[in-house]
Amino acid sequence: ISFKSFAENVTKVSILILDKSASTKYELNFSKKIQFRNLSFELIACENIKFDKYIDEIALIKITQNEEVFIGWFFLITDELNLYSNKIYEVTLKSCSIEN
């Protein structure tokens with residue numbers, strides 16, 4: 001029974017993409033995979049991590065662009081820990097949640 005209830009949970013993520021070449025922003029909301037131009041995003045996990053003074057939402061996201069693959073954690077509050085960099089796009093986590 002616990003496996004069934006776990007399987008019913010839906011993980012949703014919201015990311016903000018800044019197109020630096022055109023100075024435009026796009027918000028993407030998805031639960032598993034989504035394609036944006038030549039970028040493919042796949043949500044692997046959502047977690048909450050407790051620091052001394054706050055709880056941060058984090059998302060493990062796989063980003064594929066052409067043949068290049070990046071897998072890394074994106075932090076909502078502690079965004080200086082985000083390691084993804086791209087000449088054209090900047091990716092920021094807006095939220096990551098698990099819903100029943």
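If you're wondering where the values come from, they're calculated on a predicted model, not measured in any experiment. Heavy atoms only: backbone and side chains are in, while hydrogens, waters and symmetry mates are out.
Cluster membership check: L16 does not share its hydrophobic cluster with I88, using side-chain heavy-atom separations under 4.5 Å among Ile, Leu, Val, Met, Phe, Trp and Tyr. In the hydrophobic cluster analysis, where Ile, Leu, Val, Met, Phe, Trp and Tyr join through side-chain heavy atoms closer than 4.5 angstrom, L39 is grouped together with L83.
Using a 4.5 Å heavy-atom cutoff, the side chains of I55 and I49 are not in contact. By the 4.5 Å heavy-atom criterion applied to side chains, I71 and K62 are counted as neighbours. N48 has its side chain out of reach of I58: every pair of non-hydrogen atoms, C-beta onward, lies at least 4.5 Å apart. A 4.5 Å side-chain heavy-atom check between C96 and K12 finds every atom pair outside the cut-off. Looking at F74 and V91, their side chains come closer than 4.5 Å, going by heavy atoms from C-beta outward. Taking the side chain as every heavy atom from C-beta outward, N38 and N66 approach each other to under 4.5 Å.
T92 contributes atom OG1, which lies 10.0 Å from atom CG of L76 (distance to the nearest 0.5 angstrom). With rounding to the nearest 0.5 Å, the separation of CD in Q65 from CZ in F70 is 12.5 Å. Taken to the nearest 0.5 Å, the CD1 atom of I34 stands 9.5 Å off from the OG atom of S40. Expressed to the nearest 0.5 Å, how far CG of L43 lies from OG of S31 amounts to 8.0 Å. The distance from atom CD of Q35 to atom CG of L28, rounded to the nearest 0.5 Å, is 10.5 Å. If you take CG on L18 and CG on N86, they are separated by 11.0 Å, rounding to the nearest 0.5 Å.
Counting non-hydrogen atoms of other residues, nucleotides and ligands closer than 6.0 Å to CD of E80 gives a total above 12.
Taking the six-membered ring for Trp and thresholds of 30 and 60 degrees, Y54 and F51 have ring planes inclined between 30 and 60 degrees apart. Aromatic ring pairs are classed by plane angle as parallel below 30°, tilted from 30° to 60° and perpendicular above 60°; the pair Y89 and F36 is perpendicular.
Legend: residues meeting ring pair (Phe, Tyr, Trp, His ring centres under 6.0 Å) with F30, ordered by chain and number and at least two apart, are absent. The ring pair (Phe, Tyr, Trp, His ring centres under 6.0 Å) check on F41 picks up nothing, with sequence neighbours excluded.
Remark: of the listed residues D79, I77, L93, I77 is the sole one forming a side-chain contact (heavy atoms from CB on, under 4.5 Å) with D56.
For the salt bridge (Lys or Arg N to Asp or Glu O under 4.0 Å) condition, the pairs that include at least one residue of residues 27-43, sequence neighbours left out, are D19-R37, E27-K94.
For the residue pair N82 / Y84, no side-chain donor-acceptor distance below 3.5 Å is found, with atom types taken as modelled.
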